[in-house]
Amino acid sequence: MIAKVIVDVPTNQTDRPFDYEIPEKFISIIEPGMRVIVPFGPRKIQGFIVSVEEQSELKSLKKIIDVLDITPVLNEELINVGFWLTDKTLCFAISAFQVMLPAALKVKVQKDIVVNAGRENDLPEQIANKFSSGKSLPWDELMNDKEDIALIKQLLKKDIVTVRYNVKDRKQEKTVIFITPAISLEKLREEVKKLDRAKKQQEILQYFIEGGEETTVIQLCDRLGTTRSTIKALVNKQLLIEKEVEVYRDPFQEREFTKSNPLPLTTEQAKVLEPILTSIEDKKHETFLLHGVTGSGKTEVYLQAIDKVLRDGKEAIVLVPEISLTPQMVLRFKGRFGSKVAVFHSGLSQGEKYDEWRKIHRGEVKVVVGARSAVFAPFTNIGIIIIDEEHESSYKQEDNPRYHARDVAIFRGDIHQCPVVLGSATPSLESFARAKKGVYHLLSIAERVNETAMPEVDIVDMREELRQGNRSMFSEALLEKLKDRIAKKQQSVLFLNRRGFSTFVMCRECGFVVECPHCDLSLTYHRKSHAMKCHYCNFEERVSDLCPSCESEHIRFFGTGTQKVEEELAKVLPGARVLRMDVDTTKRKGAHEKILQAFGDQNADILLGTQMIAKGLDFPNVTLVGILAADTMLHLPDFRAAEKTFQLLTQVSGRAGRHKLLGEVVIQSYTPEHYSIQYASKHDYLGFYDAEMQMRYRLGYPPYYFVTLITVSHPNVVKAANVCEKIVSYLNNNLSDKSILLGPVVSPIARIKDRYRYQCMIKYKVESNLVSSLREIVKHYNKDIHNDRLQISIDLNPYMLM
DNA sequence: AGCACGCCGACT
DNA sequence: GTCGGCGTGCTC
């Protein structure tokens, strides 16, 4: 029996299965999807078994060294999903497997130097003392000394020492130690008498004699006011025993969930739920696009569909964008389905993620709520996959494997023959176009649940404000309304799509702009740390008072960030209580929740924030939403700029007036006539869709064309340009003449982390040998990628064009 | 990725 | 002559 193994060496040449002999002792336990340790060259590494076969075409095989799992970590379906990903995103099979599993399941390889038996006395003195503790020495401890390395190499040759590969599993189950009596209670009573000099020990035994149940060490210490050492003494006397019990790290341990029941549905909700239930009933794969305005109660539809799935004994996956994975969101699911829910988000530690994964793997939960990667949940009987806010770009992973969770969901939905529900108030153009074509089943909800009207939207032309002499960042209208809300004790939300204090710092004398020395980007000023920061490479420097170029004093801040707005607010509305929420104020664990809690408790009048306040917030007392600069994203070099602007404006506007009080929205813009702003102000998705589709048609972008972006980067500009140039000409010769090739051009961000970047774009409708051509390119440059710091990144269907 | 193998220049 | 520099190619 042999096993085909994908080894953990992410390179082009090793991106294929390797054959290994299965030793006798493993034959009965080995299955595809298990992790194994295999010899690879002189090393020992991790690998995944992808299949087990009778024999190999090769004559001599090495043997599998060890098996790391009792049950496969990847089931047959997920192995297939892995290979499918490999093909769809041009990634290595090993990367595909690893992205589907929690990081804790990736082993760590450590190299040790071991003294051979009987050769201890042959060690030279200078090194012998390093071996003092035991007979092995971690390789890393020698790495800083060149002489040592040379010496060890000699010793290796002389067979005095050998290198041992230590493979350690990172995964670690959390355990708690329980204490119970080791002997019967009668005997314990006798023993107590003998301990008349150890009062604390007697107390502990007395606790058990009086029928105290087994508890953890910590609880025992707590209850009896004793210490660990006292308990240990009794354990040593063999009167008590320690029992190690495995527990889950539960991030929601201390929270109580009030049980919620299904809410009565509105006519519209019931109407969209119907076909989803039918699809579950018929065990048929179908993709639904649920288009429901903000506040239309999409979540309740999801909950009731999941309920049906659970009653059928199946499982459900719910994806939500990372930023809306707030405790409130989790609460809704845990409230309805209790302990059957696992939650995945980036805030969990490695161990916590592993525990949540294990609950799914063991079948202890039936529902998973999580961000992008939760789409790989190892369920075996999926009944529904839901993607909320399906237009969100965070569903696309921006490093390898560059997959889109939506594609994975639909692929898995097909395997499991279950419905996939894509929900959004502002569906992506791609999805809506597919729904219109009948590829997806379109479902719409036009009314808000409590029949509140959509908020009134007021667009303010900031150019006009300037002409009127208002140079502040708040228009007259917005300021008046803010004052009005404070007077009425109602709350407002202010949205600005930019953190920090100001966008860039420029010298008014000579025009010098402070830029990052490693990236071709201007640095952003952060007031609190009084530093200039690069948002791409984290470069940081102190602010200078003089222009670094001409030493003029006229160095000024331009643009606006959340920090600056906060300061301005304090000036124009001195009494207002403002809460700021952005990456900088929510870094600490739980900070996010705290801010929202404070706002919900009416401890502030104004919530000021970036992206992260755009989603899911639902505060009844919010009646005003102000969008300070609606056009910040509009002029980015991205064909989705208008779409993203429309989506964001609509999402943010949706935060206002969700309950009894009518809401109002003020949009400040320098280009108020732009169709994305106009349609957003009228809450007109369909109008926007039509206008944007015309634009995409004219310019040849998705959904009319598929797009692939190739970015070439290298520390040397010429090299980067040359390679990109050659790639374009290769593609020109190999792709059909119906496809359009753009480039090579300098990337919109010409340099990041000292690497120059060139890119080209392929636009195509059908291109059957695109993937093979791209693989050919990567293969051709393999050597340069390996030895010459060349990078070629290929993104089939990119969401980031910079 | 890592590691061995192998072919050239600068030294005991 | 040999040590060690790095380019090349392989790993079941």
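On a predicted model such as this, the values are computed, not experimentally measured, just so you know. Every chain is numbered from 1 and lettered A, B, ... according to where its sequence line falls, protein lines coming before strand lines.
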Task: A:Ile22 CD1 to C:dC12 P, straight-line distance once rounded to whole Å - done: 16 Å
- [ ] From the options C:dT8, C:dT11, B:dC3, select the nucleotide whose nearest atom is closest to the side chain of A:Pro42.
- [x] B:dC3
- [ ] Provide, to the nearest angstrom, the distance between the CZ atom belonging to A:Arg43 and the C1' atom belonging to B:dA4.
- [x] 12 Å
Open item on the list: Regarding A:Glu53 and A:Ser51, do their side chains bring together a donor and an acceptor under 3.5 Å, going by distance alone?
Closed with: yes
- [ ] Name the nucleic acid region contacted by A:Phe40, choosing base, sugar-phosphate or nothing; use a 4.0 angstrom heavy-atom cut-off, strictly under.
- [x] base
Open item on the list: Classify A:Lys59 by what it touches in the nucleic acid, base, sugar-phosphate, or nothing, heavy-atom distance under 4.0 Å.
Closed with: nothing
Task: Spacing between A:Asn787 atom CG and B:dA1 atom C1', to the nearest angstrom - done: 12 Å
Open item on the list: At 4.0 Å (heavy atoms only), tell me whether A:Pro17 reaches a base, stays on the sugar-phosphate, or touches nothing.
Closed with: nothing
Open item on the list: Measuring from the side chain of A:His786 (C-beta onward, heavy atoms only), which nucleotide among B:dA1, C:dT8, C:dC12 has the closest atom?
Closed with: B:dA1
Task: Residue of the set A:Phe411, A:Phe97, A:Phe92 for which ring-ring contact (aromatic ring centres under 6.0 Å, His included) holds with A:Phe83 - done: A:Phe97
TODO: Using whole Å, report how far CG of A:Asp788 lies from P of B:dA1.
DONE: 13 Å
TODO: Using the aromatic ring of A:Phe18 (for Trp, its six-membered ring), decide whether it stacks on the base of C:dC12 within the limits of 5.5 Å and 30°.
DONE: no
Open item on the list: Could you tell me if A:Lys396 sits above the aromatic ring of A:Tyr403, with its cationic atom closer than 6.0 Å to the ring centre and no more than 45 degrees from the axis?
Closed with: no
- [ ] Give the rounded distance in Å between these two atoms: NZ of A:Lys111 and C1' of B:dA1.
- [x] 11 Å
Task: Phosphate-side-chain proximity, A:Lys44 and C:dC12, N/O vs OP1/OP2 below 4.0 Å - done: no
- [ ] Check every atom of C:dT8, B:dA1, C:dT11 against the side chain of A:Thr11 and return the nucleotide holding the closest atom.
- [x] B:dA1
Task: Closest to side chain of A:Gln13, choosing from B:dG2, C:dC10, C:dT8 - done: C:dC10
Task: Aromatic ring pairing A:His518/A:Phe539, orientation class (parallel under 30°, perpendicular over 60°, tilted between) - done: perpendicular
Open item on the list: If you take the centroid of each ring, where Trp contributes its six-membered ring, are A:Tyr730 and A:His780 closer together than 6.0 Å?
Closed with: no
Open item on the list: What is the distance, to the nearest angstrom, from the CG atom on A:Asp8 to the P atom on C:dC12?
Closed with: 15 Å
TODO: Write down the distance between NZ (A:Lys62) and C1' (C:dC10), rounded to a whole number of angstrom.
DONE: 11 Å
Open item on the list: Whole angstroms only, please: what is the CG-P distance between A:Asn12 and C:dT11?
Closed with: 16 Å
Open item on the list: Taking any heavy-atom pair under 4.0 Å as a contact, classify A:Leu61: base, sugar-phosphate, or nothing.
Closed with: sugar-phosphate
